[in-house]
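Heavy-atom basis, side chains included; hydrogens, waters and symmetry copies ignored.
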Amino acid sequence: MKIAEIETRAVWGLSVRTRNAEEMQADTARIGQLWSDFAAQIAPNLAKGARVYGVYHGYESDTQGAFDVLAGSDALPPAAGDSLALTRIDIAPGPHLVFDAPGAMPQAVVDAWTRVWRYFADPLCPHQRTYSTDFESYPPDGLKEIFIGVRPS
């Protein structure tokens, strides 16, 4: 894992509010449907090679509280916003710890999030989460990464 200094970037997409506990139950999980809606409503409007993001924001507290998830892109054509009710979120600037998510989707991202939670649960962890904006990045080359906002060292 590495630290990346992120600049503010705007991402537009579809959004839901959820909790980790709700995502563990099939009847209350919302993130899977969010990505299905993204694939049907937004993905067809993206330019070839556009980067896709899953942005986590609006944290109520920590891993136990509610949060918002946005599935979207920073490269939507202007006309896409005319026909869809899109939400905009600005990814907060600053240092982010980067976790790779190798393997097949969606299990690769589930496994990477498990590593994120374990890393920050360790009492000897040298980083502190900001719970501002975290994001998954899906560039066209297939590399998947999770960026977690951390306080500067």
Side-chain angles (χ1 to χ4, degrees), residues 1-24 28-35 37-39 42-43 46-47 49-78 80-81 85-153:
M1 102 191 70
K2 62 186 176 198
I3 292 277
E5 192 66 33
I6 301 299
E7 295 182 12
T8 299
R9 70 184 71 169
V11 179
W12 293 266
L14 304 175
S15 188
V16 296
R17 188 149 182 88
T18 191
R19 296 174 179 273
N20 285 327
E22 293 170 354
E23 293 304 312
M24 302 300 172
T28 57
R30 294 179 184 92
I31 295 175
Q33 184 61 51
L34 173 68
W35 283 105
D37 292 346
F38 169 85
I42 294 180
L46 293 177
R51 184 178 297 254
V52 170
Y53 295 91
V55 184
Y56 296 75
H57 62 99
Y59 287 101
E60 180 180 69
S61 57
D62 55 16
T63 59
Q64 303 305 310
F67 55 91
D68 296 299
V69 183
L70 180 137
S73 179
D74 60 355
L76 283 172
L86 299 180
T87 300
R88 174 187 167 157
I89 184 67
D90 291 327
I91 293 175
H96 284 68
L97 198 56
V98 184
F99 292 80
D100 293 336
M105 289 292 289
Q107 194 60 47
V109 172
V110 171
D111 292 346
W113 274 107
T114 300
R115 287 195 336 271
V116 168
W117 295 328
R118 285 185 185 144
Y119 178 82
F120 286 101
D122 183 339
L124 300 177
C125 176
H127 299 99
Q128 184 179 10
R129 286 184 69 177
T130 60
Y131 291 100
S132 176
T133 54
D134 303 315
F135 62 97
E136 301 161 356
S137 174
Y138 303 99
D141 65 6
L143 177 68
K144 301 168 290 296
E145 297 176 310
I146 297 176
F147 291 73
I148 303 296
V150 293
R151 299 205 188 287
S153 304

Novice: Distance from F120 atom CZ to Q128 atom CD, nearest 0.5 Å?
Specialist: 9.5 Å

Novice: For the backbone of G65 and the side chain of E60, can you confirm whether one donor and one acceptor N or O come within less than 3.5 Å of each other?
Specialist: no

Novice: Students often mix this up, so state it plainly: with edges at 30° and 60°, are the rings of Y119 and F99 parallel, tilted or perpendicular?
Specialist: perpendicular

Novice: So does A101 get a backbone contact from the side chain of R115, meaning a donor-acceptor N/O pair under 3.5 Å?
Specialist: no

Novice: Could you point out which residue of F147, F135, W113 forms a ring pair (Phe, Tyr, Trp, His ring centres under 6.0 Å) with Y56?
Specialist: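 The ring pair (Phe, Tyr, Trp, His ring centres under 6.0 Å) with Y56 is passed solely by W113 among F147, F135, W113.
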
Novice: How close do Q107 and D111 get, heavy atom to heavy atom, and via which atoms?
Specialist: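 It is NE2-OD1, 2.7 Å.
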
Novice: Quick one: CG on D37 to CD1 on I42, what's the gap to the nearest 0.5 Å?
Specialist: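 Answer rounded to 0.5 Å: 9.0 Å.
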
Novice: Nearest heavy-atom pair of A112 and I146: which atoms, and what distance?
Specialist: CB-CD1, 3.5 Å

Novice: Is the backbone N or O of V109 less than 3.5 Å from a side-chain atom of E136, with the two atoms forming a donor-acceptor pair by type?
Specialist: no

Novice: Please determine whether side-chain contact (heavy atoms from CB on, under 4.5 Å) holds for the pair H96 and I148, giving the CA-CA distance in whole Å, both sets of side-chain angles, and the decisive distance to 0.1 Å.
Specialist: CA-CA 5 Å; H96 284 68; I148 303 296; 5.8 Å; no

Novice: Does the T133 side chain pair with the main chain of I91, one donor and one acceptor, at a distance under 3.5 Å?
Specialist: no

Novice: Can you tell me how far the CG atom of D68 sits from the OG1 atom of T87, to the nearest 0.5 Å?
Specialist: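 That separation rounds to 8.5 Å.
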
Novice: Using a 3.5 Å distance criterion without hydrogens, assess whether the side chain of R30 forms a donor-acceptor pair with backbone atoms of V69.
Specialist: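 Judged by distance alone, no pair lies under 3.5 Å.
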
Novice: Would you please test R118 and T114 for side-chain contact (heavy atoms from CB on, under 4.5 Å) and show each step?
Specialist: CA-CA 6 Å; R118 285 185 185 144; T114 300; 3.6 Å; yes

Novice: Just how far is it from atom CG of N20 to atom CZ of F67, taken to the nearest 0.5 Å?
Specialist: 4.0 Å

Novice: Closest heavy-atom contact between I89 and H57?
Specialist: CD1-ND1, 3.5 Å

Novice: Which value, rounded to the nearest 0.5 Å, describes the distance between R17 atom CZ and E22 atom CD?
Specialist: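 Nearest 0.5 Å value for the CZ-CD distance: 10.0 Å.
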
Novice: Going from SG on C125 to CG on L97, what distance comes out if it is rounded to the nearest 0.5 angstrom?
Specialist: 7.5 Å

Novice: Can you check whether P102's main-chain N or O pairs, donor with acceptor, with D100's side chain at less than 3.5 Å?
Specialist: no

Novice: Step through the shown structure and confirm whether more than 12 heavy atoms of other residues, nucleotides or ligands are within 6.0 Å of CD on E7.
Specialist: no

Novice: Using only atom types and a distance under 3.5 Å, with no angle test, would you say the side chain of K144 pairs donor to acceptor with the backbone of P106?
Specialist: no

Novice: Taking the cut-offs as 6.0 angstrom to the six-membered ring centre and 45 degrees off its axis, would you call R9 and Y53 a cation-pi pair?
Specialist: no

Novice: Minimum heavy-atom separation for S132 to A92, with atom names?
Specialist: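 For S132 and A92, the tightest heavy-atom pair comes out as OG-CB, 3.4 Å.
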
Novice: Using a 4.5 Å cut-off on heavy atoms from C-beta on, say whether the side chain of T63 contacts that of R129.
Specialist: yes

Novice: Hey, is the main chain of R51 close enough, under 3.5 Å, to the side chain of S73 for a donor-acceptor pair?
Specialist: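 A pair under 3.5 Å: yes.
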
Novice: Any side-chain heavy atom of L14 within less than 4.5 Å of one from L86?
Specialist: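 Contact flag for L14/L86 side chains = yes.
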
Novice: Looking at every heavy atom in both I3 and P95, which two are closest together, and how far apart are they?
Specialist: CG2-CB, 4.1 Å

Novice: For the side chain of D74 and the backbone of V11, is there at least one donor-acceptor N/O pair under 3.5 Å apart?
Specialist: no

Novice: For F38 and A71, work out which heavy atoms get closest and say how close.
Specialist: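 It is CD1-O, 3.5 Å.
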
